[in-house]
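In what follows, a structure is listed as C-alpha cells, so that the remarks can point back to it.
Bear in mind the structure is a predicted one, so any value in this text is a computation, not a measurement.
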Amino acid sequence: MTADLSTQPRDPQAPKGRPTPKRSEAQSQRRRASTPTLDRKEAMRRQREARRADMARQRQALATGDERFLPARDRGPVRRFVRDFVDSRFFVAEMFLPLAVVILVLSLIQAGQMQTIATMLWLGVIVLIVVDSIGLSIRLKKQLKQRFPNEPKRGAVAYALMRSLQMRRLRLPKPQVKRGERP
C-alpha cells in the first residue's frame, strides 16, 4: 500500500510525511553544503583549471563558429549576419598591412620620384579604404534594417568595419561563408 502512495503525485495541501527540521539543523545542513574547500591553493588551482577550460572552449568556438561558447561581443543573429556579410565580400582594408609594407619599402628607396610615388600610394590606399568603409556601412545598415527590424543593432556597423580591416585568414570567429556567397 505504501508503494502505491509513493507513485501517486502528492497533493500540495497534504502533510509532507516528516517533521520540519529545527532551524539549527537546517542551518548546519546549508553550511555543510556550501562550505568551500579550506585549502586556498586548492581553490585557486580549481579556479585556474575552470578558467582554462572556459578559454579552450571559447577558442574552439571561435574556430568553429559555435554560438554557445562565443564571447559576448560575437553572439547573436545580428552579429552572425554581420560576420557573414563582411566575409562574403572583398574589401581594400583587408590588404592594408601588405600594402603598407610595400609602400614603406618604396618610400625608403632614394631614387628620384620614388618617395613622391610612395606618398601618393599612401593617399590612394587611405582614400580607397575610406570609400570602401562608407559603402560597407551604407549597405549593411540597409540590410540590417530589412532583416532585423526589431533586434538591437547597436555596434553592428563598427563590428563590421573592424572585421573588414582584418585579413580574412586572421579573422576570429573564422569565416563561415565563401566570397561571393550571399549571407
- Given salt bridge (charged side-chain N to carboxylate O under 4.0 Å, His left out), test K174 with D87 step by step and report yes or no. CA-CA 9 Å; K174 295 284 185 194; D87 294 339; over 6 Å; no
- Task: Kindly indicate, with the supporting measurements, whether the criterion salt bridge (charged side-chain N to carboxylate O under 4.0 Å, His left out) is fulfilled by E94 and R179.
- Result: CA-CA 13 Å; E94 291 178 44; R179 289 209 174 137; 2.4 Å; yes
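Across L99 and V125, no two heavy atoms sit closer than the pair CD1-CG2, 4.0 Å. Heavy atoms only, all atoms of each residue included: Q176 and T64 are closest at NE2-O, 3.3 Å. Contact between P77 and E151 at its shortest, heavy atoms only, is CG-OE1, 4.2 Å. In terms of heavy-atom proximity, P173 sits nearest to R163 at O-NH2, 2.6 Å. Looking at every heavy atom in both residues, K153 comes nearest to P149 through NZ-O, 3.7 Å. Residues A118 and I103 share a closest heavy-atom pair of O-CG2, 3.4 Å.
Hydrophobic clustering of Ile, Leu, Val, Met, Phe, Trp and Tyr side chains at less than 4.5 Å, counting indirect connections, unites V86 with L144. In the hydrophobic clustering of ILVMFWY residues, with side-chain heavy atoms under 4.5 Å counting as a link, L104 and I109 come out apart. Both V130 and I138 are members of a single hydrophobic cluster when ILVMFWY side chains are connected at heavy-atom separations under 4.5 Å. Cluster membership check: V131 shares its hydrophobic cluster with L123, using side-chain heavy-atom separations under 4.5 Å among Ile, Leu, Val, Met, Phe, Trp and Tyr. There is no path of hydrophobic side-chain contacts, each under 4.5 Å, that joins V177 to V82.
The cationic atom of R79 (NZ for Lys, CZ for Arg) lies less than 6.0 Å from the six-membered ring centre of Y159 and within 45° of the ring axis.
The shortest side-chain heavy-atom distance between K141 and V157 falls under the 4.5 Å cut-off. Within the 4.5 Å cutoff, no side-chain heavy atoms of R75 are placed close to those of R68. Between V101 and L97 the shortest side-chain heavy-atom distance does not fall below 4.5 Å. Side-chain contact between K22 and S28 is absent, with no heavy atoms from C-beta onward closer than 4.5 Å. Inter-residue side-chain proximity for F96 and L128 is flagged as unmet; no heavy-atom pair is nearer than 4.5 Å.
With Q115 contributing its side chain and Q110 its backbone, the two residues share no donor-acceptor pair below 3.5 Å. In this structure, Q58 contributes its side chain and L70 its backbone to no donor-acceptor pair below 3.5 Å. For the pair R83 (side chain) and D74 (backbone), a donor-acceptor distance under 3.5 Å is present.
Rounding to the nearest 0.5 Å gives a distance of 10.0 Å between CG of L121 and OG of S107. Residue F91 holds its CZ atom at 4.5 Å from CG of L136, rounded to the nearest 0.5 Å. Separation of atoms CZ (R45) and CZ (R48) is listed at 8.0 Å; rounding is to 0.5 Å. Atom-to-atom distance recorded for K142:NZ and S137:OG is 13.5 Å, nearest 0.5 angstrom. A distance of 11.5 Å separates NZ of K145 from CG of L140, quoted to the nearest 0.5 Å. In this structure, the separation between CZ on F85 and CZ on R147 is 9.0 Å, given to the nearest 0.5 Å.
Q113 CD: 12 or fewer foreign heavy atoms inside a 6.0 Å radius.
In summary, E42 and R46 engage in a salt bridge, as defined by a charged side-chain N under 4.0 Å from a carboxylate O. Here R57 pairs with D54 in a salt bridge; the nearest charged N to carboxylate O distance falls below 4.0 Å.
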